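Report on one structure; see the data block that follows.
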Amino acid sequence: MNPLSAVDPAPTGVPRPVSAWSVEVRRDDTALAEIRTEWNDLFRRCATATPFQAHAWIASWWHTYGRPGRLRLILVRLDGRLVAAAALLRQRRWLCSVLTPVGGDLSDFADVLVDEALAEPAARALADALAQVSGWQVVDLPETRPGSVAGTLLAEAWRGRHHLVPASLCLELPARDLDDLVADLPGHTRKTVRRRVNQLRRLGLDVRAVTADEAGRAVGDLLALHARQWQGRQVNPEHVRAEFARHLGAATREMIADGQAELFEYRLDGQLVASSLAVVGRDLVGGYLYGAEPDLRDRADITTLLLSDTLPLAVRRSCATMSMLRGAEPYKLRWRPVESVNQRVLLVRGGSPRARLYAAGVRTRRAAVLLAKRHLPGLRALRDRLRRRPGGG
């Protein structure tokens with residue numbers, strides 16, 4: 001990669017270099033581990049950084065799930081300081097070579113990092129660097145938040161076609177005291193929630209946040225509780241795999257040490273009955289995963305239990321948002337959250353028919369899903385009527 005440079009006339013009229021841009025693209029499997037300090041420094045300088053761009057998260061994911069030779073780590077520096085970065089991996093999809101984010105489906109949000117003080121020029125330099133990387137037709141970032149760097153500055157700087165496709169729905173709450181949040185709920189809901197808050201307080205749970213040194217044991221306990229709470233129901237199959245346990249344990253240990261996560265444990269009469277993992281970004285705290293003994297639901301409302309510690313965490317970290325992350329499950333809706341729709345960002349390399357076909361396929365499939373969702377209530381009603389008929393299948 002050719003470094004970009006700028007000059008500024010000195011008072012004497014003699015040009016002197018004032019800044020030098022350089023780009024490094026690393027493909028070796030040890031690259032992520034070797035830039036931990038630089039990456040964490042840039043993470044703190046990126047206003048839109050989510051927990052899923054934390055170095056601990058992506059490095060652990062790559063160590064667990066990555067395949068040799070697939071990493072594409074693009075690093076942009078100004079005067080030697082890292083000001084933009086993207087951690088991607090090369091995949092083959094639909095006969096197309098695609099760059100996707102390190103972190104995969106386990107990450108609720110995808111994005112790149114830029115220094116907020118140099119956001120526009122850093123994003124332009126990153127876009128130019130991506131264009132110079134060979135061997136791909138599409139950059140596909142499936143779940144970016146509204147206002148993400150990828151969906152705004154990077155897409156605008158991209159010299160080819162780009163597409164923003166609606167993705168997952170996330171539900172968010174403002175970071176505030178739980179009692180204040182409850183006070184603003186509608187009357188009937190407010191009474192119900194206050195009753196559950198009081199029930200929870202009378203239960204007298206012992207709550208503590210685990211240390212980084214305890215994270216391995218604590219994550220194992222959380223996953224065991226998570227499996228028990230889903231027993232007899234359809235669970236995310238990845239959550240019960242050994243690889244996920246290794247990834248989550250390693251990531252959580254480093255993220256707690258870096259101030260990017262907290263894992264809460266809840267004990268009753270000395271027995272662990274629930275665990276909850278919250279992840280922390282620059283301006284967002286997310287409730288990532290929890291586990292609870294099945295019989296605890298008969299004694300306490302689990303959502304109220306989780307929010308009672310995740311909301312104060314967001315306030316302590318001066319974050320504006322507490323996100324319930326992807327999904328619009330009914331138990332989330334009673335809190336009157338704000339809807340936030342992720343975007344799938346596609347950067348298409350110019351002159352590539354395969355890239356255009358890939359982008360068209362993504363957009364068509366998403367349109368079909370949205371159409372099906374709009375008609376789903378009617379289809380379910382028709383199915384139920386048919387089942388009630390004699391001989392109905």
Side-chain angles (χ1 to χ4, degrees), residues 47-51 108-109 145-147 168-210 222 225-226 229 256 259-269 272-342:
T48 58
T50 82
D108 285 68
F109 303 124
R145 293 192 75 213
S168 299
L169 173 66
C170 298
L171 299 178
E172 300 179 348
L173 294 170
R176 57 194 302 200
D177 183 78
L178 180 63
D179 289 335
D180 292 339
L181 179 67
V182 173
D184 285 342
L185 294 174
H188 177 71
T189 304
R190 182 171 61 248
K191 291 179 181 177
T192 301
V193 172
R194 278 179 173 165
R195 184 173 65 250
R196 289 170 174 169
V197 169
N198 292 331
Q199 180 187 39
L200 181 62
R201 289 169 177 168
R202 288 194 301 269
L203 194 58
L205 288 167
D206 176 38
V207 185
R208 64 180 293 270
V210 306
L222 185 157
L225 287 169
H226 184 73
Q229 81 181 18
I256 291 175
Q260 296 161 346
E262 285 201 24
L263 198 162
F264 298 101
E265 292 188 326
Y266 303 84
R267 286 179 168 79
L268 188 60
D269 299 328
L272 182 66
V273 293
S275 292
S276 171
L277 174 62
V279 290
V280 183
R282 271 292 305 271
D283 198 37
L284 172 146
V285 167
Y288 184 69
L289 192 71
Y290 74 92
E293 290 288 358
D295 59 3
L296 183 63
R297 295 181 180 276
D298 298 330
R299 310 176 68 180
D301 179 71
I302 302 300
T303 309
T304 306
L305 174 69
L306 302 176
L307 290 181
S308 66
D309 291 292
T310 310
L311 273 172
L313 172 62
V315 173
R316 290 197 303 274
R317 298 300 182 88
S318 300
C319 294
T321 301
M322 186 266 138
S323 177
M324 300 179 184
L325 302 182
R326 289 180 290 177
E329 294 84 353
Y331 70 85
K332 299 177 181 178
L333 298 176
R334 75 167 70 99
W335 296 88
R336 299 297 191 268
V338 176
E339 293 186 354
S340 176
V341 180
N342 286 350

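Please read these numbers as outputs of a predicted model, since none were measured by experiment.
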Is the backbone N or O of [Y] less than 3.5 Å from a side-chain atom of [X], with the two atoms forming a donor-acceptor pair by type?
X: D283; Y: C319; value: no
X: E265; Y: S275; value: no
X: D180; Y: R176; value: no
X: T304; Y: A300; value: no
X: T310; Y: L306; value: yes
X: D108; Y: R326; value: yes

At what distance, to the nearest 0.5 angstrom, does [atom1] of [X] lie from [atom2] of [Y]?
X: L203; Y: D301; atom1: CG; atom2: CG; result: 12.0 Å
X: L178; Y: L173; atom1: CG; atom2: CG; result: 10.0 Å
X: S308; Y: L205; atom1: OG; atom2: CG; result: 8.5 Å
X: L325; Y: L169; atom1: CG; atom2: CG; result: 11.5 Å
X: I302; Y: Y290; atom1: CD1; atom2: OH; result: 7.0 Å
X: L296; Y: L305; atom1: CG; atom2: CG; result: 6.5 Å

What I'd like to find out is whether the side chain of [X] reaches to under 4.5 Å of the side chain of [Y], using heavy atoms alone.
X: L185; Y: V193; answer: yes
X: P51; Y: Y288; answer: no
X: R336; Y: T189; answer: yes
X: M324; Y: E329; answer: no
X: D206; Y: L268; answer: no

- Closest non-hydrogen contact found for L307 with P312 is O-CD, 3.6 Å
- Measure across P146 and V341 and return the closest heavy-atom pair with its distance rounded to 0.1 Å. CG-O, 3.4 Å
Count the heavy atoms belonging to other residues, nucleotides or ligands that lie under 6.0 Å from [atom1] of [X], then report whether that count exceeds 12.
X: R299; atom1: CZ; result: no
X: E339; atom1: CD; result: no
X: D269; atom1: CG; result: no

Less than 4.0 Å between a side-chain N and a carboxylate O, is that true for [Y] and [X]?
X: R317; Y: E262; value: yes
X: K332; Y: E172; value: no
X: R208; Y: D309; value: no
X: D179; Y: R190; value: no

